[in-house]
2 protein chains.
Amino acid sequence: MEGGGSAEDRFIARFFRPIARSGAALGLLDDAALLSPTPGTDLVLTKDAVVAGVHFFPDDSPASIARKALRVNLSDLAAKGAAPVGALLAIALPKGTPDAWMAAFAEALGADSLAFGCPILGGDTVSTPGPVTITITALGEVPKGTFVPRTGARPGQAILVSGTIGDAALGLRLRQDAHHPAFAGLGEAQRAHLLDRYLHPQPRLALAPVLRACAAAAMDVSDGLAGDVAKMLKASGCGGHVEARRVPLSAAAAAVVKADPSLFAVALSGGDDYEIAACVPHGRVAVFTAEAARAGVPVALIGETRDEDGLSVVDAGGNTLELGAGSYSHF
Amino acid sequence: MEGGGSAEDRFIARFFRPIARSGAALGLLDDAALLSPTPGTDLVLTKDAVVAGVHFFPDDSPASIARKALRVNLSDLAAKGAAPVGALLAIALPKGTPDAWMAAFAEALGADSLAFGCPILGGDTVSTPGPVTITITALGEVPKGTFVPRTGARPGQAILVSGTIGDAALGLRLRQDAHHPAFAGLGEAQRAHLLDRYLHPQPRLALAPVLRACAAAAMDVSDGLAGDVAKMLKASGCGGHVEARRVPLSAAAAAVVKADPSLFAVALSGGDDYEIAACVPHGRVAVFTAEAARAGVPVALIGETRDEDGLSVVDAGGNTLELGAGSYSHF
């Protein structure tokens with residue numbers, strides 16, 4: 001009997017061994033991966049699952065699906081101030097998934113794992129009667145004691161957010177309802193920008209060392225800015241306010257919101273931004289902003305924490321906006 | 001707006017926070033878990049997914065499903081000589097999964113994580129239009145440099161296996177075809193034994209230090225003894241032979257095989273054993289066996305590695321048995 005000759009082994013050898021080049025992956029020939037933690041570091045562990053029809057469209061390209069599956073985890077690492085160390089992949093595939101689909105998925109995952117310095121260390125491949133389901137566990141490291149928690153905000157700190165908010169949620173709307181009048185005035189490049197922000201999260205790993213140096217608390221914005229900031233403040237035992245007009249919008253998002261102001265709530269609470277919200281003591285805001293800019297990440301001051309319960313999102317007139325749930329929930 | 005008040009957050013708070021009591025889990029209030037590796041250790045990482053209708057029956061009890069999902073990963077750690085450090089869980093649930101199902105799943109997972117010293121550190125809960133899908137990433141540690149690889153076997157070493165082989169595969173047959181004449185002579189306790197071996201893997205964590213001390217190579221037997229040993233030998237660059245009559249069978253399995261000798265092949269290649277196969281230099285076999293017994297784990301010498309390609313499983317007359325694929329494959 002020849003070992004290592006099962007269809008499953010050949011599948012792994014064909015699609016995943018080429019992208020698992022780290023020594024820690026042991027050539028995917030073992031039951032497990034082997035990692036020597038860097039002395040003086042703490043490990044940061046995160047695990048996100050994405051399901052076809054829930055987190056992505058079944059007809060999204062396999063390359064886009066691979067990128068999203070990995071990057072949503074890298075975004076969590078970035079928010080904690082961590083640098084990626086490696087990732088494990090579990091993929092459940094319907095029988096009959098074309099080889100070309102798998103090849104494109106694995107190639108994109110390999111390219112992203114190289115680009116973001118996060119080698120694929122191992123995992124599991126199983127069949128499912130259900131939709132494609134991808135679970136990635138990402139490991140990162142921080143110098144000992146420098147993990148940036150969600151719970152460290154205190155009253156009287158600045159609330160900042162990276163990049164622009166709402167593009168992904170509006171991109172999803174555009175994809176679902178391309179002929180909605182709010183999108184009529186957009187040029188091709190602006191449409192492409194919104195669609196791409198939904199498809200391809202850009203984890204803010206460059207911000208990680210800046211967060212470690214300056215932030216009291218941080219989290220990535222995945223389920224909607226308003227809900228996620230509220231969650232961070234509640235976990236920290238305080239509240240706060242966010243000024244809606246200070247929330248940074250891309251030119252495309254601003255055009256959409258101008259055409260249909262009701263979509264501002266979608267931008268503020270729609271999710272899939274994969275930006276980072278942080279609470280920073282006022283004395284560190286100038287350094288935080290300057291260092292973020294040096295790292296290539298624009299950040300904007302959007303509000304302040306307060307010694308109260310709950311988060312208010314207020315408009316230019318000081319009125320509290322009604323944002324519904326404020327964030328996406330599976331249940 | 002109240003943060004942390006989404007249905008998803010309440011779901012996590014209700015079912016998972018009570019079982020995630022380790023400090024590293026940060027109360028499941030953060031984006032990630034935080035772990036300080038023990039100085040002088042290497043990390044061992046493994047990730048297995050189980051899918052309803054593929055790896056377990058959709059009507060298995062949620063407690064049994066939870067145990068299987070965790071224990072198949074602990075079995076991988078044991079085979080590498082590792083002690084558990086913690087685990088991350090991703091669970092994809094159909095909408096409308098009863099709360100009672102989740103409560104029973106979480107309670108059993110919590111109990112197992114305590115019993116095996118493997119705290120739940122975090123994870124993800126998502127909805128799916130497909131079957132229940134559970135992915136667990138388990139982390140273990142070994143003293144630096146003592147990881148037991150799959151690739152370390154050399155010609156002329158003893159092949160040993162823990163416990164008994166075939167119970168789970170025969171238990172699955174019994175469950176699928178309870179009136180098959182091969183099972184007619186079994187008593188109730190023997191039937192219960194076979195069914196339980198299929199439902200509830202018993203990870204051989206007690207064997208981990210013995211493997212570190214004595215084994216050149218090891219892997220857990222999850223896809224069938226014959227195929228898995230062949231895989232280990234191929235990964236090590238050698239071959240070998242296993243004497244079928246030396247493979248340890250429980251009284252129940254022996255009775256079934258006696259009643260229907262064609263089921264011997266099922267026992268040898270059916271999988272779900274979660275025992276450990278190891279290659280041990282002959283000079284260490286006595287120590288290995290004695291230390292395993294002290295750890296409460298019976299081990300049996302079943303064959304020898306050779307400087308050749310492939311594994312032969314031979315009967316008492318020296319004839320090679322035909323076992324078909326020799327192991328389970330998803331593809």
Side-chain angles (χ1 to χ4, degrees), chain A residues 1-4 6-8 11 29-37 42-49 51 53-54 76 79-80 88 90 92 121-131 133 135 137 147 149-151 219-220 226-227 230-231 233-235 310-311 323 325-327 329-331, chain B residues 1-4 6-8 11 29-37 42-49 51 53-54 76 79-80 88 90 92 121-131 133 135 137 147 149-151 219-220 226-227 230-231 233-235 310-311 323 325-327 329-331:
Chain A
M1 173 173 303
E2 276 300 313
S6 77
E8 190 172 350
F11 184 91
L29 285 170
D30 218 304
D31 302 278
L34 176 64
L35 198 68
S36 292
D42 288 328
L43 267 179
V44 179
L45 307 165
T46 185
K47 180 169 194 165
D48 275 339
V51 179
V54 180
D76 280 327
K80 306 291 96 187
L88 292 100
L121 304 179
D124 197 14
T125 308
V126 299
S127 61
T128 179
T133 302
T135 308
T137 302
F147 176 87
R150 189 188 286 183
T151 52
M219 73 182 288
D220 78 326
K231 203 180 283 190
L233 299 189
K234 184 175 185 188
L311 173 72
L323 296 171
S327 68
S329 177
H330 280 280
F331 298 94
Chain B
M1 171 175 303
E2 277 298 315
S6 77
E8 190 172 350
F11 185 91
L29 284 170
D30 218 305
D31 302 278
L34 175 64
L35 198 68
S36 292
D42 289 328
L43 267 180
V44 179
L45 307 165
T46 185
K47 179 168 195 166
D48 275 339
V51 179
V54 180
D76 280 326
K80 306 291 95 187
L88 293 100
L121 305 179
D124 196 14
T125 307
V126 298
S127 61
T128 178
T133 301
T135 307
T137 302
F147 176 88
R150 189 188 286 183
T151 51
M219 73 182 288
D220 77 328
K231 203 180 284 190
L233 300 188
K234 183 176 185 188
L311 173 73
L323 296 173
S327 68
S329 176
H330 279 280
F331 297 93

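A, B, ... follow the sequence lines: proteins, then strands. Residue 1 opens every chain.
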Engineer: Heavy-atom pairs under 4.5 Å with chain B - which of A:Gly130, A:Ala90, A:Ala79 has more of them than the others?
Structural biologist: A:Ala90
Engineer: Indicate the atoms forming the closest heavy-atom contact of B:Val54 with A:Ser127, along with that distance.
Structural biologist: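 In terms of heavy atoms, the two residues are closest at CG2-O, 3.5 Å.
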Engineer: Just jot down the side chain to side chain contact (heavy atoms under 4.5 Å, CB included) partners of B:Leu29, sequence neighbours excluded, or say none.
Structural biologist: B:Arg17
Engineer: Heavy-atom pairs under 4.5 Å with chain A - which of B:Ala235, B:Pro129, B:Gly53, B:Gly122 has more of them than the others?
Structural biologist: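 Top count of heavy-atom pairs under 4.5 Å with chain A: B:Pro129.
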Engineer: Look up atom CG in A:Leu311 and atom NZ in A:Lys231, then write down how far apart they are to the nearest 0.5 Å.
Structural biologist: 13.0 Å
Engineer: Quick check on A:Leu121 against chain B: is it the side chain, the backbone, both or neither that has a heavy atom closer than 4.5 Å?
Structural biologist: side chain
Engineer: Please check if any side-chain donor atom of A:Thr135 sits under 3.5 Å from a side-chain acceptor atom of A:Lys47, or the reverse.
Structural biologist: no
Engineer: Look at B:Val44, B:Leu45, B:Thr46, B:Asp48 and state which one has the largest set of heavy-atom pairs under 4.5 Å with chain A.
Structural biologist: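 Top count of heavy-atom pairs under 4.5 Å with chain A: B:Leu45.
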Engineer: Counting heavy-atom pairs under 4.5 Å with chain A, which one of B:Leu233, B:Val51, B:Leu34, B:Thr133 comes out on top?
Structural biologist: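 Looking at each option in turn, the highest pair count goes to B:Leu34.
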Engineer: What option among B:Thr151, B:Leu35, B:Thr128, B:Asp76 has the most heavy-atom pairs under 4.5 Å with chain A?
Structural biologist: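 Heavy-atom pair counts peak at B:Leu35.
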Engineer: Tell me every residue that passes side-chain hydrogen bond (donor to acceptor under 3.5 Å, both in side chains) with B:Asp124, counting only those two or more places apart in sequence or in another chain.
Structural biologist: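 Applying side-chain hydrogen bond (donor to acceptor under 3.5 Å, both in side chains) to B:Asp124 gives none.
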